[in-house]
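A short write-up of the structure that comes next.
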Amino acid sequence: QVQLVESGGGLVQAGASLRLSCAGSGLTFSYNVLGWFRQAPGKEREFVAAITWSGGSTSYADSVKGRFTISRDNAKNTVYLQMNSLKPEDSAVYYCALSRDIGIRTTTWAYDYWGQGTQVTVSS
């Protein structure tokens with residue numbers, strides 16, 4: 001049974017940093033693309049960042065470029081999202097996801113497994 005479990009969310013003030021983690025079990029992360037998405041109340045789930053299995057290629061939404069960094073540790077079956085300079089508009093439930101595709105994917109339907117999400121709230 002494949003499981004992805006996010007952690008690291010919380011309530012912070014604008015300008016602060018958070019590091020999200022997503023640990024996988026039931027499968028190996030190697031050779032898969034990992035991504036982070038977020039969903040705010042009343043909005044569709046949106047792409048945040050993705051990383052290839054080797055870590056050699058990454059992609060970011062324009063809204064988080066320069067502030068967020070995605071990384072992965074295949075030995076630990078874990079993917080991370082370092083979020084700096086957080087803004088109130090970053091508030092959302094953040095989900096990690098795994099795609100069995102090889103190349104970077106930025107759409108929700110390209111991902112096969114999802115975590116349960118972790119809440120990030122940024123106060124102004």
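Values below: all heavy atoms of this structure, side chains included; hydrogens, waters and symmetry mates excluded. Values in this document were obtained by computation on a predicted structure and should not be read as measured data.
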Side chain [X], main chain [Y], donor-acceptor under 3.5 Å:
X    : Y    : value
N32  : I102 : no
Q3   : S25  : no
D112 : R100 : yes

Looking only at non-hydrogen atoms, find the nearest pair between [X] and [Y] and report the distance.
X    : Y    : result
A50  : V33  : CB-CG1, 4.3 Å
K87  : V122 : O-CB, 3.3 Å
R105 : S99  : CG-OG, 4.1 Å
S17  : N84  : OG-OD1, 2.9 Å
Y94  : E6   : O-OE2, 3.9 Å
L20  : M83  : CG-CE, 3.7 Å

Rounded to the nearest 0.5 Å, how far apart are [atom1] of [X] and [atom2] of [Y]?
X    : Y   : atom1 : atom2 : value
I51  : T69 : CD1   : OG1   : 10.0 Å
S54  : R72 : OG    : CZ    : 8.0 Å
T106 : E46 : OG1   : CD    : 11.5 Å

Worked verdict on F47 versus F37 for ring pair (Phe, Tyr, Trp, His ring centres under 6.0 Å): CA-CA 5 Å; F47 170 76; F37 290 76; 5.7 Å; yes

Which side-chain N or O atoms in residues 55-63 pair as donor and acceptor under 3.5 Å with protein atoms at least two apart or in another chain?
residue	atom	partner	partner atom	Å
Y60	OH	I70	N	2.9
D62	OD1	K65	NZ	3.2
S63	OG	R38	NH2	3.4

Count I, L, V, M, F, W, Y as connected when their side-chain heavy atoms are under 4.5 Å apart, and connections chain through other members. Are [X] and [Y] then in the same cluster?
X    : Y    : result
F68  : L34  : yes
V48  : Y80  : no
L98  : I104 : no
Y111 : V93  : yes
L18  : V64  : yes

Side chain to side chain contact (heavy atoms under 4.5 Å, CB included) evaluation trace for V5 with Q116: CA-CA 7 Å; V5 179; Q116 84 291 346; 4.3 Å; yes

Could you tell me if T78 and D73 have a donor-acceptor pair between their side chains, going purely by distance under 3.5 Å? no

Begin from the C-alpha positions of V79 and W36 and carry the test side chain to side chain contact (heavy atoms under 4.5 Å, CB included) through to its verdict. CA-CA 9 Å; V79 62; W36 286 96; 3.8 Å; yes

